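Note that this is a predicted model, so its numbers are computed, not measured.
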Amino acid sequence: MKVLIVRFSSIGDVVLTTPVIRAVQQQLGAEVHFLTKRAYAGVLKHNPYLTKLWTIEKEVTEITDELKAEGFDTLIDLHNNLRTRQLDLHLRKCKTYRFNKLNWQKWLLTNFKLNRLPAVHIVDRYLAAAKPLGIQNDGGGLDYFLGPEDVVALGKFGLPQEYVAMVIGAAHATKRLPEDQLLAICQACPYPLVLLGGPGEKEIGERLATAAGPQVYNSCGSFKLGQSASLVQQARVVLTHDTGLMHIAAAFHKPIISVWGNTVPDFGMYPYLPGQEATERARRQEIEGLSCRPCSKIGHASCPKGHFRCMRDLNHVTIVAEIQAVWSSLS
């Protein structure tokens, strides 16, 4: 059996497909291929359950002929958009199984605050797409595999051996704590903090590290994705926004304190930690009951209402207390 799984973006979404990859390979003994955008190929680069990783820059027509030549039996569409429908037309001999995006339910929640979404994690919805093949949830959670080039030797970079990994980045501003609140956390936290983010967070990371003192280490923009994942893996505790590194932390089964702004866990993309659902829920930092939340299923460049209460009302003292509680519980 030869299976092509498709999810084009983004980092977190691709990580969330890994239980499907593993289950299809292990339970069906299938040859598993995966198609994603080139920018996110690193997420699956070292996944041992994959026979081949295919990438596109933008359009599926870039590799349509090559994919047709592979002779796939089955297409598992975990993106379900115009591009994947286009691919389905080209791979006509494939039996296609498609993930339900629940778009109208998300629209009702973001626009009218009517929650008709099932209380089901998106991983289980991904697995449901493959259920007709006989696939079952093996309970193994998410996967993220590091290559030798990814592993960060902490001492080589002057990083502490024990620290809180603090993910300060996110794709959209309304998913991120404002800089003054990040600084308040950095100043109040009694443990070393390693700041994680991409090149876009490098400057804010420098400002935070300078203002907060020597216990804060800025790694933003200094490491590739796999290396940032290594820093997550080696952390004692992970404090993170709703972003890709949150899901990578879940893949490593790290203690996670997740911070939620305009998005909500009801969308089904909270940290996937089978058997630890109650603990994960208790560690979430969010302002519940706001009439404007969620304002988007993804995020905005700024608060549509101007007040940004979903983040502004979060208390840095409460967040630091949760960090301390989790850190102490690991002793």
Side-chain angles (χ1 to χ4, degrees), residues 9-19 21-22 34 36-50 53 55 140-171 176 182 186 189 191-202 204-206 208-209 214-259 271-273 276 280 283 323 326-327 330:
S9 62
S10 53
I11 292 171
D13 298 278
V14 174
V15 173
L16 291 166
T17 68
T18 56
I21 297 171
R22 182 180 66 244
F34 198 100
T36 190
K37 285 188 176 180
R38 195 160 297 128
Y40 308 111
V43 175
L44 298 175
K45 181 179 178 182
H46 298 287
N47 191 305
Y49 303 113
L50 285 178
L53 182 61
T55 64
L142 306 177
D143 288 324
Y144 194 96
F145 297 97
L146 299 172
E149 73 280 7
D150 297 323
V151 179
V152 175
L154 300 175
K156 179 180 177 181
F157 294 95
L159 298 174
Q161 293 301 306
E162 289 194 323
Y163 58 88
V164 177
M166 183 172 172
V167 182
I168 66 171
R176 301 192 295 261
L182 292 171
C186 290
C189 184
Y191 314 117
L193 286 160
V194 174
L195 308 181
L196 297 178
E201 287 75 49
K202 187 174 181 65
I204 184 175
E206 287 297 329
L208 292 172
Q215 83 278 10
V216 177
Y217 302 79
N218 179 32
S219 77
C220 299
S222 299
F223 295 100
K224 295 179 180 179
L225 175 62
Q227 294 171 309
S228 292
S230 174
L231 292 175
V232 166
Q233 184 189 43
Q234 295 180 74
R236 190 174 173 92
V237 182
V238 179
L239 174 66
T240 176
H241 299 128
D242 171 21
T243 189
L245 284 176
M246 178 180 77
H247 300 298
I248 290 173
F252 291 132
H253 302 281
K254 305 304 295 186
I256 298 168
I257 301 166
S258 57
V259 179
Y272 189 68
L273 296 163
Q276 302 179 49
E280 186 279 320
R283 291 175 181 164
I323 293 172
V326 176
W327 184 288
L330 301 173

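- The NZ atom of Lys202 sits 3.5 Å away from the OG atom of Ser222 when rounded to the nearest 0.5 Å.
- Every pair passing salt bridge (Lys or Arg N to Asp or Glu O under 4.0 Å) that includes a residue from residues 231-250 is listed here, sequence neighbours excluded: Glu162-Arg236, Lys175-Asp242.
- The two residues Ile323 and Tyr191 have their closest heavy-atom pair at CG2-CD1, 4.0 Å.
- Judged by distance alone, with hydrogens and angles left aside, the side-chain atoms of Gln233 form no donor-acceptor pair with the main-chain N or O of Lys254 at under 3.5 Å.
- In summary, the aromatic rings of Tyr217 and Phe157 are positioned with their centroids too far apart to meet the 6.0 Å limit.
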Next item on the list: Carefully, step by step, assess Leu330 and Val237 under the rule side chain to side chain contact (heavy atoms under 4.5 Å, CB included).
Entry: CA-CA 9 Å; Leu330 301 173; Val237 182; 4.2 Å; yes
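- Considering all non-hydrogen atoms of both residues, Met246 and Ile256 come closest at O-CD1, 3.7 Å.
- Residues Ala170 and Thr243 share a closest heavy-atom pair of CA-OG1, 3.9 Å.
- Within the 3.5 Å criterion, the main-chain N or O of Leu231 finds a donor-acceptor partner in the side chain of Tyr163.
- One distance of note links SG of Cys186 with CD of Gln215; it measures 7.5 Å at 0.5 Å rounding.
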Item checked: Worked verdict on Tyr40 versus Leu225 for side chain to side chain contact (heavy atoms under 4.5 Å, CB included) -> CA-CA 9 Å; Tyr40 308 111; Leu225 175 62; over 6 Å; no
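- Leu53 pairs with exactly one of Leu44, Asn47, Val43 by the side-chain contact (heavy atoms from CB on, under 4.5 Å) rule, that one being Leu44.
- The line from CZ of Phe252 to NE2 of His247 is 14.0 Å long, rounded to the nearest 0.5 Å.
- The side chain to side chain contact (heavy atoms under 4.5 Å, CB included) check on Ala209 picks up Val216, Asn218, with sequence neighbours excluded.
- A distance-only check finds no donor-acceptor pair linking the side chain of Lys37 to the backbone of Thr55 [under 3.5 Å].
- Atom CD1 of Ile204 sits about 5.5 Å away from atom CG of Leu182, to the nearest 0.5 Å.
- Separation of atoms OG (Ser258) and CG (Leu239) is listed at 9.0 Å; rounding is to 0.5 Å.
- Annotation: side chain of Ile257 is not in contact with side chain of Thr240 (no heavy-atom distance under 4.5 Å).
- Taking every heavy atom of both residues into account, Ile168 and Cys220 meet most closely at CD1-SG, 3.7 Å.
- Between the side chain of Ser230 and the backbone N or O of Val152 there is at least one donor-acceptor pair closer than 3.5 Å.
- For the atom pair CG (Leu196) and OG (Ser228), the distance works out to 5.5 Å, reported to the nearest 0.5 Å.
- Judged by distance alone, with hydrogens and angles left aside, the side-chain atoms of Gln276 form no donor-acceptor pair with the main-chain N or O of Leu273 at under 3.5 Å.
- In this structure, the side chains of Arg283 and Val326 come closer than 4.5 Å at one or more pairs of heavy atoms.
- Shown here for Asp13 and Ser9, the closest heavy-atom pair between the two residues is CB-O, 3.1 Å.
- Without hydrogens or angle criteria, Glu201 side chain to Gly198 main chain gives a donor-acceptor distance under 3.5 Å.
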Distance-only donor-acceptor hits, side chain of residues 141-150, under 3.5 Å, sequence neighbours excluded:
from	atom 1	to	atom 2	distance (Å)
Asp143	OD1	Arg22	NH1	3.3
Asp143	OD2	Arg22	NH1	2.8
Glu149	OE2	His46	NE2	2.7
Asp150	OD2	Gly147	N	2.8

